[in-house]
K.L.:
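Quick one: this structure, given as structure tokens, is what I'll be asking you about.
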Number of protein chains: 2
Amino acid sequence: MARTAIGEIVDLGIGQAEDALLPRTELAEAARRGLLAGDGSCMQYGPEEGPEGFRESLAAFLRRHQDPGVTAADLVVTAGASHGLDLLLSRLTRPGDTVFVEDPSYFFALDVLEGRGLRLIGVSMDEDGLDVAALERMLEVERPVLLYTVPVFHNPTGVTLRPDRRQRLVELARRYDFLIVADEVYQLLGSTTPPPMRTLDRDRVLSLGSFSKILGPGIRLGWVEAPWQLWTVLRDCPVLRSGGGVSPVGTAVMREVLDSGMQDEVLLRLTALYDHRRAVLTEALETSLPDDVHFRRPDGGYYAWLELPPDVDAEALATIAPASGVAFRPGRVFSIAGRQRNRLRVCFTYYDDDALRRGGDRLGALLTEHLRGRREAQP
Amino acid sequence: MARTAIGEIVDLGIGQAEDALLPRTELAEAARRGLLAGDGSCMQYGPEEGPEGFRESLAAFLRRHQDPGVTAADLVVTAGASHGLDLLLSRLTRPGDTVFVEDPSYFFALDVLEGRGLRLIGVSMDEDGLDVAALERMLEVERPVLLYTVPVFHNPTGVTLRPDRRQRLVELARRYDFLIVADEVYQLLGSTTPPPMRTLDRDRVLSLGSFSKILGPGIRLGWVEAPWQLWTVLRDCPVLRSGGGVSPVGTAVMREVLDSGMQDEVLLRLTALYDHRRAVLTEALETSLPDDVHFRRPDGGYYAWLELPPDVDAEALATIAPASGVAFRPGRVFSIAGRQRNRLRVCFTYYDDDALRRGGDRLGALLTEHLRGRREAQP
């Protein structure tokens with residue numbers, strides 16, 4: 001367990017699951033069984049899109065848990081969501097193309113987009129997700145090839161795009177002819193989530209999925225759900241053609257993980273634990289945060305987002321926080337435009353209850369003290 | 001075993017190992033042991049360059065087998081040679097840059113290069129590999145960012161770059177300031193090979209390696225050996241940063257494969273078998289090919305290359321060959337300039353002795369008949 005000694009820093013900036021939660025021993029047994037099963041084709045070059053059998057098992061899992069309309073024919077296997085994003089950018093965009101992103105957004109996704117030479121334009125968000133009214137105004141001026149969104153338990157803000165806005169977003173994508181790339185890696189990590197974006201329009205929306213958040217990042221496998229018009233375009237990638245898909249051995253292992261029910265069990269276990277930890281950190285923060293820090297109770301995922309008064313610099317606070325035994329991610333790293341300076345992200349999946357309580361209390365005390373000091377310094 | 005019924009087509013165009021040679025059962029056991037060993041960090045995000053422990057084990061393997069100068073600090077883990085090539089292109093080139101390639105060359109590598117928007121210029125080859133005199137003349141006119149070469153058991157020709165030419169190539173790279181990207185995935189598949197290209201210049205040469213040819217393509221792991229000046233540039237890739245390296249689980253499995261001696265054993269077994277199969281196909285072809293087809297006995301790797309008289313179209317022959325129970329890869333797919341039309345590639349690693357003999361005999365008979373027909377048709 002990621003226990004911390006009382007004096008150690010609780011780093012709420014770490015955006016990952018606790019090591020001990022990840023089912024290594026079960027995976028070891030599943031790996032053996034998965035490799036012994038089947039016809040041995042997993043040792044060879046496979047189809048670019050991933051082996052049919054694995055994609056059938058994955059589609060069945062997705063139908064069970066999030067979308068009854070998914071079939072194997074929608075899926076291309078990737079090495080995780082960021083590889084999926086890079087793959088589809090390599091096939092569907094050219095350097096210089098305009099892409100809309102949320103501001104704030106997942107910083108590595110921004111790096112992937114910039115790595116493909118795209119011109120990024122940020123769309124603002126509020127507590128119900130992407131501001132689609134602002135988006136509509138921007139579409140009068142700028143025409144993106146695609147919009148990248150994290151519509152559920154958003155990284156870094158934790159918010160979920162409201163159902164009516166989802167519908168509006170899809171209508172705008174149709175009217176202004178752009179694709180929606182929905183990074184839905186947190187879709188299964190909460191109890192009350194809207195159906196995935198593709199249920200609204202299977203021709204306009206591509207979805208990025210991954211085992212990183214529901215099994216373990218180290219397996220490095222994910223998928224793209226693609227409209228049928230784009231499916232062959234995505235799989236027709238030189239590296240996938242040369243290599244014969246992402247990892248036939250990895251998919252043989254994961255097929256066993258899916259078919260044996262192991263993935264279902266792990267998902268149940270993780271979501272129950274994250275629900276609990278989310279409640280623990282939420283309670284600690286709601287008790288200890290000063291009134292002028294805005295905190296919205298998250299409903300799932302990994303993260304919560306704190307908004308400090310407009311002129312407070314979260315980056316400066318981040319440098320002094322460790323002296324108070326706590327750390328976090330300042331908001332600015334999530335912005336393509338240097339915004340989000342008075343915001344910060346905390347994660348509730350990495351530590352056990354005691355550490356989360358200590359971290360929440362310390363962060364509350366730090367902010368209380370800092371904001372009081374500021375008020376007193378002002379005449 | 002990839003046995004063929006007498007009447008079935010022997011497809012000498014298939015450029016891969018026979019399924020039954022790939023050690024699936026051993027890998028299943030190694031996967032279990034590898035995942036149970038260590039500290040469990042393989043389930044998490046790992047370092048971009050791959051876990052230190054795996055890179056140490058890989059470096060030790062490479063020191064044992066091909067280059068006593070390799071250290072873990074040279075290595076970046078990839079998802080195979082083509083991913084390695086794409087990774088380094090993404091970090092070291094920009095669309096429009098000039099790159100030199102061999103003509104003929106590995107067709108999927110050409111696709112990867114073109115996928116990055118590079119301007120490709122072909123350099124001719126002969127029986128001793130890349131024609132460095134021709135290269136030198138071209139360098140007076142064109143300045144490439146890099147040269148992509150398969151310097152050992154070349155795909156498709158099977159030739160190995162002669163030691164004096166290797167030296168000359170490295171001197172040219174220094175004088176004209178370009179990088180050499182050596183695709184050395186066949187380095188270990190032959191008895192008498194020159195040392196890898198990096199032994200001549202560790203600052204100028206990057207080497208692509210892979211487990212695909214020495215263990216099995218399905219494991220989808222490889223490596224780049226990079227000069228220290230470029231090592232941090234390569235690992236600083238958005239997708240690797242987001243995902244935490246190529247596959248921590250895969251590298252945990254392969255570390256066990258390397259440390260247990262399994263990889264050494266599999267390599268011994270494969271090279272002995274390929275030596276034998278190479279001899280079988282060589283004998284069949286030398287016995288049955290007509291005099292006006294040029295065939296050079298290969299020394300290792302996967303392939304042999306046949307040169308037909310200049311005006312014979314191998315692509316047309318490829319369409320009629322299956323009626324004679326044999327198939328091959330016509331040369332033109334390996335050329336960026338539509339050359340190599342009178343050449344063809346055969347592979348000797350996929351079939352057992354009987355099938356190879358049948359395939360060789362059938363190809364010899366087909367070419368004998370076709371070339372005699374041509375001569376008789378000419379006045």
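The sequence lines fix the lettering, A, B, ..., with proteins before strands; numbering per chain opens at 1.
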K.L.:
Can you check whether anything in residues 208-219 of chain B gets within less than 4.5 Å of chain A, heavy-atom wise, and list it by number?
P.N.:
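Within residues 208-219 of chain B, the residues under 4.5 Å from chain A are B/S212, B/K213, B/L215, B/G216, B/P217, B/G218, B/I219.
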K.L.:
Looking at chain A, which one of B/C42, B/G115, B/G80, B/A31 has the largest number of heavy-atom pairs inside 4.5 Å, strictly under?
P.N.:
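That would be B/C42.
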K.L.:
Against chain A, work out which of B/E114, B/R33, B/R32 has the most heavy-atom pairs shorter than 4.5 Å and name it.
P.N.:
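Maximum pair count with chain A is reached by B/R32.
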K.L.:
What distance do B/Q16 atom CD and A/M43 atom CE have between them, rounded to the nearest 0.5 Å?
P.N.:
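With rounding to 0.5 Å, CD (B/Q16) is 12.5 Å from CE (A/M43).
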K.L.:
Identify which of B/L22, B/V246, B/T25 forms the greatest number of heavy-atom pairs closer than 4.5 Å to chain A.
P.N.:
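Top option by heavy-atom pairs under 4.5 Å: B/L22.
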K.L.:
Residue by residue, scan residues 248-260 of chain B and write down, ordered by number, those that have a heavy-atom distance under 4.5 Å to chain A; if none do, write 'none'.
P.N.:
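Contacts with chain A: B/P248, B/V249.
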K.L.:
Which value, rounded to the nearest 0.5 Å, describes the distance between B/D39 atom CG and A/D19 atom CG?
P.N.:
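Reported to 0.5 Å precision, the distance equals 8.0 Å.
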K.L.:
In this structure, are over 12 heavy atoms from other groups packed under 6.0 Å from A/R269 atom CZ?
P.N.:
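Yes.
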K.L.:
Return a table of donor-acceptor pairs under 3.5 angstrom between the side chains of residues 238-245 of chain A and protein atoms on other chains or two or more places apart.
P.N.:
| unit_1 | atom_1 | unit_2 | atom_2 | d |
| --- | --- | --- | --- | --- |
| A/R241 | NE | A/D236 | OD1 | 3.0 |
| A/R241 | NH1 | B/D111 | OD2 | 3.1 |
| A/S242 | OG | B/S82 | OG | 2.4 |
| A/S242 | OG | B/Y106 | OH | 2.7 |

K.L.:
How close do B/R24 and A/L36 get, heavy atom to heavy atom, and via which atoms?
P.N.:
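Reported closest heavy-atom pair: NH1-O, 3.1 Å.
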K.L.:
How far apart are the closest heavy atoms of A/Q44 and B/E18, and which atoms are they?
P.N.:
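For A/Q44 versus B/E18, the nearest heavy atoms are NE2-C, 3.9 Å.
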K.L.:
Side chain to side chain contact (heavy atoms under 4.5 Å, CB included) with A/T157: which residues, sequence neighbours excluded?
P.N.:
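So A/T157 forms a side chain to side chain contact (heavy atoms under 4.5 Å, CB included) with A/P104, A/M125, A/H154, A/V159, A/W305.
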K.L.:
What part of A/R116 gets closer than 4.5 Å to chain B, counting heavy atoms only: side chain, backbone, both or neither?
P.N.:
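Side chain of A/R116 only, per the 4.5 Å heavy-atom cut-off to chain B.
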